[in-house]
Amino acid sequence: MYEKTIPESQEKRLRRGKALTHVQKAVSIFSFIAAVAAVAALIGVVVLFFLLEFSSVGETLLFILMGSFFAGTLFLAVAAFLLMRAAERLEKRRDDFLERCDSEASFFVGEGTLATFAEEKLILHAEGKKDIAIPYGELRFLSVCTRRAAREKGFWSVVIEIPARYLLKDAKEAKKEPPALVQTDMKPRLLGVLSERGLPLLGELPPETPSADRKFKVEKKFYLPHAKKRRNALIALMAGVVLAVAGVPLSFWNVTVGIIAGMVGLLVFGKSLHSYFRARAMLGVYREGVFWQDTDRAENVFLKWEEIERLAAEEKDELPVLAVYCAYGAYRFPLPAGGWEYLTAAYPERCGIEAEDQPSAPKGGPNER
């Protein structure tokens, strides 16, 4: 919950700001300690398992210790997650307090950089740097919802488009550069400031009343295998098979060693098999938009049709890519076989194709599913 009141004196503001910073850092440190302790407890479980097999220590005591370490692992893992989320909330609370200490119309647009909405200009300022004043007539304010999954829920922000000449010293270079984009969290306070100054907010707008989160239904999926990751997974898979098979002759020498080798081999085999089938990207076409899903979840992005201006098939490094143009910039994804044909048939107007030029519905490429 954000600070409701701002102290009048500068001294009290500084004291409150430092206190919020210290609390946020302390919670972050505790979350890291809890995560490390959870890993240590898990290692303890493995060590106790080996002691159970090779040590003469009482089995009852070892089982009690193993149960305690396992319970500790679960508890510490949950604690680390909750503390991490608490640290994120505290960071937002601290940033909002520091913004309001500067002005009710000030918002962070980067590390230590504030954007203050004056009467006729937006002023970018940071400690130790010269202020930059930009007339509102040369700015664009874009509403953006970042979605990492094909669902309604996402992270809302406001992107401010600034002409490059205000940020670059070299005037000639500034003419060649596209407008710079800075981002700030979308808050009711920010929406109120934009409304008061009559500044239009373009792009997909958040609903007036929060709607229930819902998953979108896919129309078509196109897959693109990741050759390098699949090759690495295949190597690990074969190593797991070798280790599992080696467990059989090892059992004749030592039953415990053979069982452990076989179990480890099967675990490696199962994990590698899972990694092999996950080593592929996916382009999904939905009634609500387009979804790009990579093996690295941080690269996932869902774009609604409301924010997509047009689609285009392009080339990058002599490979086909799908360019998705939005008001605030363009995304480029590798284009799986059959993907562009399906998009031009299902959504010709998004691909710049007139109705009379619309191709017949595609049958799909070799890697679609």
Side-chain angles (χ1 to χ4, degrees), residues 1-3 16-98 108 111 146-149 151 153-155 185 213 215 229 232-233 236-237 239-240 243-244 247 256-257 259-279 293-300:
M1 189 173 182
Y2 295 153
E3 300 291 303
R16 180 80 63 82
K18 287 181 179 179
L20 289 171
T21 300
H22 291 327
V23 172
Q24 187 270 332
K25 286 184 177 179
V27 174
S28 296
I29 291 171
F30 282 127
S31 69
F32 177 75
I33 292 173
V36 172
V39 174
L42 183 61
I43 293 172
V45 173
V46 176
V47 171
L48 288 168
F49 175 79
F50 280 98
L51 285 176
L52 187 65
E53 295 295 332
F54 298 103
S55 176
S56 59
V57 180
E59 290 187 359
T60 304
L61 176 60
L62 289 177
F63 274 119
I64 292 173
L65 288 173
M66 280 182 64
S68 301
F69 272 79
F70 184 73
T73 301
L74 295 178
F75 173 78
L76 290 167
V78 173
F81 173 77
L82 294 177
L83 286 169
M84 193 181 303
R85 296 296 297 270
E88 293 174 358
R89 290 194 297 270
L90 285 168
E91 185 177 11
K92 288 182 179 294
R93 176 181 173 184
R94 181 204 61 189
D95 289 348
D96 188 78
F97 175 79
L98 295 176
F108 277 112
E111 189 66 33
T146 304
R147 297 179 174 90
R148 298 300 182 192
R151 60 195 313 161
K153 187 178 180 181
F155 173 75
D185 293 351
D213 185 27
K215 293 183 178 180
K229 290 183 179 180
N232 294 338
L237 187 147
L243 191 58
T256 303
V257 173
I259 291 174
I260 292 173
M263 288 179 61
V264 171
L266 289 174
L267 287 173
V268 172
F269 174 81
K271 185 179 182 304
S272 303
L273 190 65
H274 178 259
S275 299
Y276 179 84
F277 286 108
R278 280 194 71 252
Q293 183 182 51
D294 208 340
T295 50
D296 182 3
R297 291 186 179 183
E299 301 297 326
N300 294 357

Within-4.5 Å side-chain heavy-atom neighbours: Asp96 and Lys92: no
Gap between atom CG of Leu76 and atom CZ of Phe81 - 0.5 Å precision: 15.5 Å
Where Met84 and Ser31 come nearest, the two heavy atoms and their spacing: N-CB, 3.7 Å
Derivation of the side-chain contact (heavy atoms from CB on, under 4.5 Å) call for Phe108 and Leu98: CA-CA 9 Å; Phe108 277 112; Leu98 295 176; 4.0 Å; yes
Close side-chain approach of Leu61 to Leu65, heavy-atom, < 4.5 Å: yes
Smallest separation among heavy atoms of Gln24 and Arg94, with atom names: OE1-NH1, 3.7 Å
Note, Arg148 side chain near Thr146 side chain (heavy atom, < 4.5 Å): yes
Nearest heavy atoms of Ala80 and Ala35, plus distance in Å: CB-N, 3.7 Å
Neighbour count >12 (heavy atoms, 6.0 Å) for atom CZ, Arg85: no
Reported CG-to-CG distance for the pair Leu266 and Leu273, which is rounded to 0.5 angstrom: 12.0 Å
Considering all heavy atoms, the nearest Leu83-Val27 contact: O-CG1, 3.3 Å
Heavy-atom pair with the smallest gap, counting every atom of Ala236 and Val268: O-CG1, 3.5 Å
Heavy-atom pair with the smallest gap, counting every atom of Phe155 and Asp185: CZ-OD1, 3.1 Å
From Asn232 atom CG to Leu237 atom CG, the distance as rounded to the nearest 0.5 Å: 12.5 Å
Donor-acceptor contact present, side-chain Ser28 to main-chain Ala87, <3.5 Å: no
